[in-house]
Amino acid sequence: MDKSVSIVSKNFKKIKVDTIDDYLEVGGYESLKKALSIEPSEIIEMVKSSGLKGRGGAAFPTGKKWEQASKVEGDTYILCNADEGEPSTFKDRYFLEYDPYRIIEGMTIAAYAVGGREGIIYIREEYGRIREIMKKAIANAKAGGYLGENILGSNLSFDIKVVSGAGAFICGETTALIESIEGRGGRPRIKVKRTAEAGLFDKPTLANNIESYGVVTTLLSEDAEKYLNCGTSISKGTKIISLCGNVEKPGVYEVPFGITLREIIYDLGGGIKDGRHFKFAQVGGASGPLVPKSMLDIKYSYEDFKEKDFSIGSGAVLVADDTNRISEFMVTVQEFFAHESCGKCTPCREGNRQLLKIAHRFAERKGEMEDIYKIQRLANIMQKCSFCGLGTAAPTVMVTAIKHFYDDLKENMVENKI
Ligand SMILES: Cc1cc2nc3c(=O)[nH]c(=O)nc-3n(C[C@H](O)[C@H](O)[C@H](O)COP(=O)(O)O)c2cc1C
Ligand code: SF4
C-alpha cells in the first residue's frame, strides 16, 4: 500500500505551469474566492484550528502568527521564505517548479487575512532556472486579475515580487532574510519589536515558509477535509518531506503525520540502496539529530519527535548506510556550519571552528576522552549563547553522536587514551 498521499502536493508534476490555465482547471483560485467571501478573522480561525505549524523549521503556529499580524495597524509585508539552504532539504523547490500558483494564492489569502498590499518571495540564488518559473507565474497571475488592483473585483489589491540574495544558508533566518532584502549582508538582527510589528523596512511583516502558504491554500479548498483527516490528533495533516541519501528511491513525498520513520525509509524509499544495511538517519536537515536503528519505529509527528528530543525541522530525511562513518559525517556537517556561520557572534563563529577540529580528530582516529567533554561544553555554550538558530542547532549532530553512537566514537579514539 502506498504510504504517501497527494493532497498539498497533488499538482506536482501533474499540471503545466507556463500558463495559469491548468491550475484553474484543477480548482485553482477557488480557495481565494472562498477567502474573499468570508471575514479575514474567519480565515485566521481556520488556520488556527488546523493546528498548522510553520513548515520552515521552527514549527511556530501559523494561525497565531497571522493573528498577531492582523492586529497590527498599517499594511503588512507578506514574505515567503523560499531560501531552502538547509542541506538535504529540497521540498520547497517543488512548489516553485511544479505548483507556483498555489503559493501565489496562499500569499494572496494571507494578504487579505492580515491586511497586506505587497508580497516578496525570497528565492535562493542557486535556484536560477526555477526563479524564472515563479516570475512567469506571477506575471500570469497578474494578467489574469489574480494579482494587482482589486483582485477578482474585491477591495483587495496585492502584488508580489521575487528577490534573491547572494546565496547563504543564514539568509533563510527571517531577520537575516529581511536584512538581505533591504540590501545589506545577510546577518540576523536584534528584534527590538516582533517582526509582525517591525520587520521589513521596519514595517509590519508576516514571514512564512513556502509550504506553509501551500497548506493554507489547501485548507480553504475542497481538499481541506481530506487533509485534516490525515495525521495525529496533535499533528494534523501532512508534511512534504525530502528523502535522500542511501535509499533506493530518494525524492519528495507527502506523508501523513504519524507514519513511522521505518515506513518512510523502507516503504516509500524502497529500503537501503544496493542491499546494504541502515546505519543512521539525520532528520530535519544538517541541524537535525542522528537517529539510530533502534528508534526507526518512531512516529513522524511533532509530539513523538519532541518526546525524543528530535524535531521535524524542514522535513528532510537523510539516510546513511553502514559504509558511512559517524566521525566522517560529523566532519561534513561541521564543515558546513563553520563555513556558513555569519561570524557575528563568538559562540557560533569559534564554537563551530573548534567542533570541526574535534570532528577531524575522530575521523583520523585520534579522538580522546577529553574531546567528548569538550564537545559537551562547547555545545552547551553554543546552545545557550548563540545569537540565532544556526549557532544553537549547529552542535546537534555531534551531541546526538555521543548519545546514540558512543561506541563508534570510542572506536575512533587513540587506543591508549580510552
Ligand atoms: C539558519 C537558519 C536558516 C533558516 N532557513 C530557512 C529556510 O531556508 N526556509 C524557511 O522557510 N525557514 C528557514 N528558517 C526558519 C525561519 O527563520 C522562519 O522560522 C520561517 O521561515 C518562518 O516560517 P514558518 O513559520 O512558516 O515556518 C531558518 C532559520 C535559521 C535559524
Ligand atoms: S549564531 Fe552564527 S549565524 Fe547566527 S548570528 Fe551568531 S555567528 Fe551568525
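Indexing begins at 1, ligand by ligand and atom by atom, following the structure's order. Along the sequence shown, the residues carry numbers beginning at 1.
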Subject >> N, O or S from Cys342 under 2.8 Å to atom 8 (Fe) of ligand 2 >> reply: yes
Original post:
What do we get for Ser287 next to ligand 1 when only non-hydrogen atoms under 4.0 Å count, side chain, backbone, both or neither?
Top reply: neither
Give a yes/no on ligand 1: does [X] have at least one heavy atom closer than 4.0 angstrom to it?
| X | answer |
| --- | --- |
| Thr174 | yes |
| Arg55 | yes |
| Cys388 | no |

Hey, which atoms in ligand 2 end up nearer than 4.0 Å to a heavy atom of [X]?
| X | result |
| --- | --- |
| Gly391 | 1 (S) |
| Ile170 | 3 (S) |
| Ser341 | 2 (Fe), 7 (S) |
| Cys348 | 1 (S), 2 (Fe), 6 (Fe), 7 (S) |
| Phe387 | 1 (S), 5 (S), 6 (Fe) |

Subject >> Selection from Leu390, Thr392, Asn208 by shortest heavy-atom distance to atom 1 (C) of ligand 1 >> reply: Leu390
**OP:** For atom 3 (C) of ligand 1, state which one of Glu340, Lys65, Glu173, Glu211 supplies the nearest heavy atom.
**Re:** Glu173
Original post:
Do the side chains of Phe278 and Tyr266 get nearer than 4.5 Å, heavy atoms only?
Top reply: yes
Original post:
With side chains defined as the heavy atoms from C-beta onward, is the minimum distance between Lys191 and Thr175 less than 4.5 Å?
Top reply: yes
Original post:
Is any N or O atom of Asp92, backbone or side chain, closer than 3.5 Å to an N or O atom of ligand 1?
Top reply: no
Subject >> Geometric N/O contact Gly172 with ligand 1, under 3.5 angstrom >> reply: yes
Side-chain donor-acceptor pair under 3.5 Å between [X] and [Y], yes or no?
| X | Y | value |
| --- | --- | --- |
| Glu86 | Ser88 | no |
| Arg325 | Ser327 | yes |
| Tyr101 | Asp22 | no |
| Ser157 | Glu149 | yes |
| Ser221 | Glu30 | no |
| Thr218 | Arg102 | yes |
| Ser9 | Tyr94 | no |

Subject >> Which of the ligand 1 atoms, numbered from 1, are nearer than 4.0 Å to a heavy atom of Phe169 >> reply: 1 (C), 3 (C)
**OP:** Run the numbers for me: atoms of ligand 1, each under 4.0 Å from some heavy atom of Gly389, listed by number.
**Re:** 31 (C)
Please verify the inter-ring angle class for [X] with [Y]; under 30° counts as parallel, over 60° as perpendicular, anything in between as tilted.
| X | Y | value |
| --- | --- | --- |
| Tyr300 | Phe257 | parallel |
| Phe12 | Tyr98 | tilted |
| Tyr213 | Trp66 | tilted |

Which protein heavy atom lies closest to [atom], and at what distance to 0.1 Å?
| atom | answer |
| --- | --- |
| atom 19 (O) of ligand 1 | Ala58 CB, 3.8 Å |
| atom 27 (O) of ligand 1 | Gly56 N, 2.7 Å |
| atom 4 (Fe) of ligand 2 | Cys388 SG, 2.4 Å |
| atom 8 (O) of ligand 1 | Glu84 N, 2.9 Å |
| atom 21 (O) of ligand 1 | Asn81 ND2, 3.1 Å |
| atom 6 (Fe) of ligand 2 | Cys345 SG, 2.3 Å |
| atom 11 (O) of ligand 1 | Asn209 ND2, 2.8 Å |

Original post:
Just by distance, do the side chain of Asn208 and the backbone of Gly54 share a donor-acceptor pair under 3.5 Å?
Top reply: no
